[in-house]
Amino acid sequence: MMDNQKTLEVACFDVNEHGRILFGNKRFCRMFGFAEDEVTWHYMTDLYRHPEDWARYKANANGAEVKFTVKLRNRKGRSFECHISRVPEMDGEGRLVYHNTVYKTSEAKAVNPVVAVAAHSIVFLAKCAHCGSQIPVHNAAEAHMRMLCDECAATAYPEAFKMKAAHS
């Protein structure tokens, strides 16, 4: 979670790759009209005014685009233009989670520029299907595949592993 999640100046929230909101700070709840205990019952698609904005957000799952300007709506249906900055990370169980900061365009000058999220290098991790150790992979799609670490692959498929090692 982000360092500034406790402040009321910046709305912060976490969302999984399917759009389910996992966490929202007090400012986020106030901005969208949620009670803090009901945030996890909602999806990001509930907040977008235009469905194509969610499609653009989801299409950039690899983190190529980290800042979005979209039209969101609160629980009462009032729309406002917002800036969303996100940082994709893998949680402890190998699932992709986006840590987001959102603020209204009208209050952009009031928000501290340090809050804006810079592009980060992303390391995706998968779990070995046999021993459970973590394996670095190239993208989020590979993190969901059944994979073996080098040690388990060498034990289970010695001839294939020797061929792979010879080509590397």
Next item on the list: Share the residues that join L22 in a hydrophobic cluster, the rule being Ile, Leu, Val, Met, Phe, Trp or Tyr side chains under 4.5 Å apart at the heavy-atom level.
Entry: V97
Next item on the list: Could you give me the CA-CA distance, side-chain angles and deciding distance for V70 and Y48, then say whether side-chain contact (heavy atoms from CB on, under 4.5 Å) is met?
Entry: CA-CA 8 Å; V70 295; Y48 280 101; 3.8 Å; yes
Notebook entry, point to check: Y43: which other cluster members, linking ILVMFWY side chains closer than 4.5 Å, directly or transitively?
Noted result: none
Notebook entry, point to check: How far apart are the closest heavy atoms of A11 and R27, and which atoms are they?
Noted result: N-CG, 3.5 Å
Notebook entry, point to check: With a 3.5 Å cut-off and no angle check, do the side chains of S79 and R73 form a donor-acceptor pair?
Noted result: no
Note to self: Taking G77's backbone N and O only, do any of them form a donor-acceptor pair with R49's side chain (distance below 3.5 Å, no angle check)?
What the structure shows: yes
Next item on the list: Taking side-chain contact (heavy atoms from CB on, under 4.5 Å) as the test, write out the residues that go with F80, two or more places apart.
Entry: M31, F32, L72, N74, C82, K104
Notebook entry, point to check: Roughly how far apart are R20 CZ and M44 CE, rounded to 0.5 Å?
Noted result: 14.0 Å
Margin query: Does F34 form a side-chain contact (heavy atoms from CB on, under 4.5 Å) with D46? I'd like the steps, not just the answer.
Written below: CA-CA 12 Å; F34 297 128; D46 298 342; 5.6 Å; no
Check: What distance separates F23 CZ from F28 CZ, expressed to the nearest 0.5 Å?
Finding: 10.0 Å
Notebook entry, point to check: Looking at residues at least two apart in the chain, or sitting in another chain, which of them share a side-chain contact (heavy atoms from CB on, under 4.5 Å) with T155?
Noted result: none
Checklist line | For E38, side-chain hydrogen bond (donor to acceptor under 3.5 Å, both in side chains) partners two or more places apart | finding: R75
Item checked: Spacing of OH belonging to Y157 relative to SG belonging to C152, to within rounding of 0.5 Å -> 11.0 Å
Item checked: Audit row: V102, H83, side-chain contact (heavy atoms from CB on, under 4.5 Å) steps and yes/no -> CA-CA 6 Å; V102 61; H83 298 290; over 6 Å; no
Checklist line | Interatomic distance, L96 atom CG to E17 atom CD [nearest 0.5 angstrom] | finding: 5.5 Å
Next item on the list: Report the C-alpha distance between V39 and C29 in whole Å, list the side-chain angles of each, state the deciding distance to 0.1 Å, and finish with yes or no for side-chain contact (heavy atoms from CB on, under 4.5 Å).
Entry: CA-CA 7 Å; V39 169; C29 293; 3.4 Å; yes
Check: Hey, does the side chain of N25 reach the backbone of V10 with a donor-acceptor pair shorter than 3.5 angstrom?
Finding: yes
Margin query: What's the separation between atom OG1 in T69 and atom CD1 in I84, rounded to the nearest 0.5 Å?
Written below: 9.0 Å
Item checked: Distance in Å, R86 CZ paired with H99 NE2, rounded so as to fall on 0.5 Å steps -> 12.5 Å
Check: Listed by chain and number, what are the side-chain contact (heavy atoms from CB on, under 4.5 Å) partners of T40, not counting sequence neighbours?
Finding: none
Next item on the list: Could you tell me which residues satisfy side-chain contact (heavy atoms from CB on, under 4.5 Å) with H18, sequence neighbours excluded, listed by chain and number?
Entry: N16
Check: Taking all non-hydrogen atoms of both residues, which atom of V15 and which atom of I21 are closest, and how far apart?
Finding: CG2-N, 4.2 Å
